[in-house]
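Shown next, in structure tokens, is the structure this report addresses.
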Number of protein chains: 2
Amino acid sequence: MKSRIGIKDIALKAGVSKGTVDRVLHNRGNVSPGARAKVIAAMKELDYQPNIIASALASKKSWKIAVLIPDSQKDPFWEQPKIGILKAEKSLRDYKVVIDFYPFRDADREHFLQQGEEILEKEYHAVLISPSFFKEGQTILKKFEEQKLPYIQINTFLNRESEYFLAYIGQDSYTSGLLAAKLLNFGINEGACAMILHLEKEAYNAKHLTDKEKGFNDFFSHNKKRKIEIIRGSFGDIFDKNGLHKYIEEMLIEHPNIQGIFVTTSKAFHIVSILKELGKTDIKLVGFDLIEENLAPLYDDKIHFLINQNPQKQGFLGIMNAFNHLVLKKEIKHVQLLPLDVVMKENVQYYLEEKAKELHLVF
Amino acid sequence: MKSRIGIKDIALKAGVSKGTVDRVLHNRGNVSPGARAKVIAAMKELDYQPNIIASALASKKSWKIAVLIPDSQKDPFWEQPKIGILKAEKSLRDYKVVIDFYPFRDADREHFLQQGEEILEKEYHAVLISPSFFKEGQTILKKFEEQKLPYIQINTFLNRESEYFLAYIGQDSYTSGLLAAKLLNFGINEGACAMILHLEKEAYNAKHLTDKEKGFNDFFSHNKKRKIEIIRGSFGDIFDKNGLHKYIEEMLIEHPNIQGIFVTTSKAFHIVSILKELGKTDIKLVGFDLIEENLAPLYDDKIHFLINQNPQKQGFLGIMNAFNHLVLKKEIKHVQLLPLDVVMKENVQYYLEEKAKELHLVF
DNA sequence: AAATTGACTGTGCACGTACACAGAATTAGA
DNA sequence: TCTAATTCTGTGTACGTGCACAGTCAATTT
């Protein structure tokens with residue numbers, strides 16, 4: 001039973017000391033070209049695989065990661081990614097991964113920049129960032145690059161050509177629109193209307209919503225076999241109950257043949273009661289996210305499908321990818337789109353369980 | 001910057017040596033009640049969390065796990081769980097987890113028992129088993145229990161009351177039947193027929209198929225609002241192309257109003273060409289598993305939904321749970337049902353990617 | 001009383017790598 | 001050629017835990 005080969009085996013084979021092997025391994029310099037070549041040859045020949053356990057134990061340095069995401073106090077969506085981040089931190093504790101949060105107030109560009117500057121002043125090995133604002137995001141990311149600080153984006157994607165841009169992890173909005181269209185198309189009759197409904201302020205300005213809409217439209221324009229008319233709706237102030245009710249009512253009067261509605265945000269539950277009041281209980285409803293308010297209508301067959309994007313995973317995988325890059329020196333994929341789960345009452349349990357489970361992705 | 005507390009901190013606090021702390025930690029005995037109490041108190045007070053990194057490094061013992069599953073040469077389904085197992089082994093290599101395979105020839109009860117006995121003769125810390133045969137499975141599991149050998153079941157579940165039964169990880173057949181029914185119901189009109197079709201020898205004898213059927217039937221009997229007639233079909237020899245063609249043809253003549261078919265196995269693709277030949281292109285098709293043959297019809301809108309059970313995960317999570325139990329001494333859930341993913345051409349990419357990705361779940 | 005047993009306890013090395021430090025070899029400058 | 005600076009190399013300790021071993025003390029046996 002020969003045990004795994006370690007640096008001392010390489011040292012022996014290369015005719016040097018383990019100190020020299022270590023210097024080659026970590027590019028610490030001060031190694032003669034000859035010795036270096038011999039070490040590298042020995043490593044290859046013996047197929048050396050570093051023992052990350054011993055490495056983590058011996059290493060003094062801790063890996064510091066800064067997290068720049070919206071404050072979850074203001075926007076409950078961000079609680080989930082944050083939970084994912086904390087889970088990742090916990091499972092990597094023994095690897096000396098330390099995480100500091102720099103939450104910024106939602107929609108506050110100034111605060112976003114401010115917190116970004118704060119990170120730049122400290123010494124971090126990587127940053128996990130949701131660059132919510134286009135212009136300010138570019139500014140900060142550029143500064144990160146200048147300081148040779150690698151970063152991973154989650155949720156919002158700003159495309160940049162830089163070796164310090166490690167990865168984007170997030171949702172695939174366009175495809176989710178396609179998916180919603182497919183589901184509605186499956187459930188409604190030929191000649192009927194399908195409605196896409198944005199319940200969000202400045203929906204025209206939110207890229208993820210316009211992407212969803214594009215996917216939704218593309219599905220129907222590519223499926224010419226069936227004739228389905230598409231209606232577009234948009235209503236910003238969801239707290240204006242009466243206004244929303246009136247808006248939906250007028251829409252349904254104008255287009256009495258609407259058989260399905262795709263709500264592009266997590267607010268589908270707002271529509272449920274309105275449809276009930278209007279006596280339109282046979283309209284198919286597709287929405288997003290397994291939030292509390294959406295679950296009751298799902299169980300109740302009022303919402304037919306919820307598309308789930310597992311926001312916890314965004315945070316979790318973000319940290320895990322940083323770990324893979326920093327500690328394990330692994331190649332990581334630059335764009336990682338999370339699965340779009342089609343959730344209905346019959347399989348919702350699995351996805352809720354997954355939320356609660358303490359699954360820890362490593363390596 | 002105070003570092004994490006270790007056994008020597010506890011030793012100091014409890015006024016004993018780290019050797020004694022170690023004995024308490026691992027229940028090695030030979031500790032006086034007084035010392036034991038002091039150590040436990042100190043551990044609680046300081047909230048001691050063992051450093052699994054250092055532990056894994058120092059520990060001499062390797063964790064040996066035997067795997068008793070069907071030979072993947074004979075049944076390609078088992079390739080996926082095997083890949084999952086090998087991934088898990090790779091990512092746990094530094095933790096000294098070693099896996100030995102004991103594949104048995106499909107449908108060969110004698111060989112199954114034989115390989116089981118083989119395992120019993122060696123010294124293993126745990127077994128991962130798919131107890132395909134009811135009677136023989138019980139026999140082997142009983143022997144495992146007698147030898148105090150913990151086991152984890154995958155894919156097939158034999159319920160046993162034993163502390164050595166660690167977990168079952170597998171599919172939820174009943175719910176997958178429900179799910180298929182829901183999807184078909186969504187896509188077909190009131191008054192139409194829905195067909196459930198088993199393409200498997202001795203389908204009446206396969207529990208997972210009868211469970212699927214039960215789920216399928218229950219959905220419609222609980223949803224009395226819509227009148228959908230259910231037809232049951234079963235055909236064993238899928239290599240008899242003509243026979244199958246004839247069978248389907250007769251079914252469709254007898255029940256011309258069939259608008260949807262649920263194939264309870266991964267063989268849905270066999271039906272596609274037959275339906276085409278019969279000119280019945282508007283029948284909705286729901287099947288199982290992202291195997292190669294099913295993908296083309298899925299892209300082609302011939303198969304509408306595939307229910308995916310991620311067979312790789314069965315193997316992967318099986319090993320990971322054994323690891324959690326053996327090494328990390330964590331509580332693991334006794335029954336873990338894998339998510340039922342609803343896959344359509346628009347989101348299939350994510351699930352195929354996941355198959356290829358080297359994601360490693362730990363802890 | 002001496003010897004033996006057994007329960008209990010402390011000490012110290014090992015795991016494989018990181019890293020500090022000292023010492024050797026080489027080079028540069030005069 | 002010699003010295004000083006620089007580059008290169010080997011040695012040894014540390015990380016936190018597991019575990020072997022030796023040692024202490026009281027109870028029991030001879």
Side-chain angles (χ1 to χ4, degrees), chain A residues 1-40 42-43 46-63 93-97 125 326-329, chain B residues 1-40 42-43 46-63 93-97 125 326-329:
Chain A
M1 190 71 185
K2 68 175 177 186
S3 63
R4 268 180 61 194
I5 51 129
I7 55 170
K8 67 164 180 279
D9 300 294
I10 298 175
L12 194 69
K13 178 129 202 158
V16 297
S17 74
K18 63 197 178 78
T20 300
V21 175
D22 177 66
R23 278 180 283 266
V24 173
L25 267 170
H26 297 85
N27 288 315
R28 292 193 220 277
N30 292 340
V31 178
S32 67
R36 187 185 165 78
K38 281 189 291 180
V39 169
I40 289 176
M43 272 172 44
L46 298 180
D47 185 30
Y48 171 68
Q49 308 269 106
N51 184 327
I52 59 163
I53 301 279
S55 172
L57 182 64
S59 177
K60 306 183 110 57
K61 93 166 57 147
S62 73
W63 299 96
R93 199 192 44 209
D94 287 336
Y95 290 95
K96 304 190 179 69
V97 172
H125 297 96
L326 294 173
V327 185
L328 306 184
K329 317 287 183 207
Chain B
M1 192 67 186
K2 71 173 175 186
S3 63
R4 269 180 61 195
I5 52 131
I7 56 169
K8 66 165 182 278
D9 300 294
I10 298 176
L12 194 70
K13 179 129 200 156
V16 297
S17 74
K18 67 195 181 78
T20 299
V21 175
D22 178 64
R23 278 180 282 267
V24 173
L25 266 171
H26 298 87
N27 289 314
R28 292 193 221 277
N30 294 338
V31 178
S32 67
R36 187 184 164 79
K38 280 189 294 181
V39 168
I40 290 176
M43 272 172 45
L46 298 180
D47 184 31
Y48 171 68
Q49 309 269 106
N51 185 327
I52 58 162
I53 299 281
S55 171
L57 184 63
S59 176
K60 308 184 104 63
K61 96 166 53 145
S62 74
W63 299 97
R93 199 192 43 208
D94 287 337
Y95 290 95
K96 304 189 179 68
V97 172
H125 297 94
L326 294 173
V327 185
L328 306 184
K329 317 287 181 206

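Throughout, a chain's letter reflects where its sequence line sits, starting with A, and its residues are numbered from 1.
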What pairs of nitrogen or oxygen atoms, one from the protein and one from nucleotides 26-28 of chain C, lie under 3.5 Å apart?
none

Please give, in whole Å, the distance from [N] [atom2] to [X] [atom1]?
X       : N      : atom1 : atom2 : answer
B:Leu57 : C:dA18 : CG    : C1'   : 12 Å
A:Gln49 : C:dG16 : CD    : P     : 15 Å
B:Ile5  : D:dC15 : CD1   : C1'   : 16 Å
A:Lys96 : C:dA18 : NZ    : P     : 11 Å
A:Ile10 : C:dG16 : CD1   : P     : 13 Å
A:Asn51 : C:dA14 : CG    : P     : 18 Å
A:Asp94 : C:dG16 : CG    : P     : 19 Å
B:Lys8  : C:dT9  : NZ    : P     : 21 Å

(message) Which residues in residues 30-37 of chain A have a heavy atom closer than 4.0 Å to any atom of DNA chain C?
(response)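 Going residue by residue through residues 30-37 of chain A, none turns out to have a heavy atom under 4.0 Å of DNA chain C.
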
(request) Mind running side-chain contact (heavy atoms from CB on, under 4.5 Å) on B:Arg4 and A:Asp94 for me, showing each step along the way? (result) CA-CA 10 Å; B:Arg4 269 180 61 195; A:Asp94 287 336; 2.2 Å; yes

Residues in side chain to side chain contact (heavy atoms under 4.5 Å, CB included) with [X], at least two apart?
X       : value
A:Ala14 : A:Val16, A:Lys38, A:Val39, A:Ala42
B:Ser62 : B:Lys64, B:Lys96, B:Val98
A:Lys61 : A:Ser59, A:Trp63, A:His125
B:Lys18 : B:Ile7, B:Ala11

(message) To the nearest 0.5 Å, what is the distance between CZ on A:Arg36 and OG1 on A:Thr20?
(response)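 With rounding to 0.5 Å, CZ (A:Arg36) is 12.0 Å from OG1 (A:Thr20).
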
(request) Drop me the distance from B:Leu46's CG to B:Ile5's CD1, to the nearest 0.5 angstrom. (result)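 Those atoms lie 4.5 Å apart.
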
Polar pairs (N or O, both sides) under 3.5 Å between protein and nucleotides 18-21 of chain D?
unit_1	atom_1	unit_2	atom_2	d
D:dG18	OP1	B:His26	NE2	2.9
D:dG18	OP1	B:Ser55	OG	3.1
D:dG18	OP2	B:Asp22	OD1	3.3
D:dG18	OP2	B:His26	NE2	3.4
D:dG18	O6	B:Lys18	NZ	2.8
D:dC19	OP2	B:Arg28	NH1	3.0
D:dC19	OP2	B:Arg28	NH2	2.9

(message) So for the helix from C:dA1-D:dT30 to C:dA30-D:dT1, with five pairs setting each end axis, what is the inter-axis angle to 10°?
(response)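 Between the axes fitted at each end of the helix from C:dA1-D:dT30 to C:dA30-D:dT1 lies an angle of 60°.
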
Could you work out, with salt bridge (charged side-chain N to carboxylate O under 4.0 Å, His left out) as the rule, every residue matching [X], not counting sequence neighbours?
X       : result
B:Lys13 : B:Glu45
A:Arg93 : none
A:Asp9  : none

(request) Would you mind reporting whether B:Ile52 and B:Val327 have side-chain heavy atoms less than 4.5 Å apart? (result)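 No, their side chains stay 4.5 Å or more apart.
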
Expected list for residues 25-35 of chain A: side-chain donor-acceptor pairs under 3.5 angstrom, two or more places apart:
unit_1	atom_1	unit_2	atom_2	d
A:His26	ND1	A:Asp22	O	3.1
A:His26	ND1	A:Asp22	OD1	3.1
A:Arg28	NE	A:Asp22	OD2	3.1
A:Arg28	NH2	A:Asp22	OD1	3.4
A:Arg28	NH2	A:Asp22	OD2	3.2
A:Ser32	OG	A:Ala35	N	3.3

(request) Begin with the C-alpha distance, continue with both residues' side-chain angles, and end with the deciding distance and a verdict on side-chain contact (heavy atoms from CB on, under 4.5 Å) for A:Ile53 and A:Tyr95. (result) CA-CA 9 Å; A:Ile53 301 279; A:Tyr95 290 95; 4.2 Å; yes

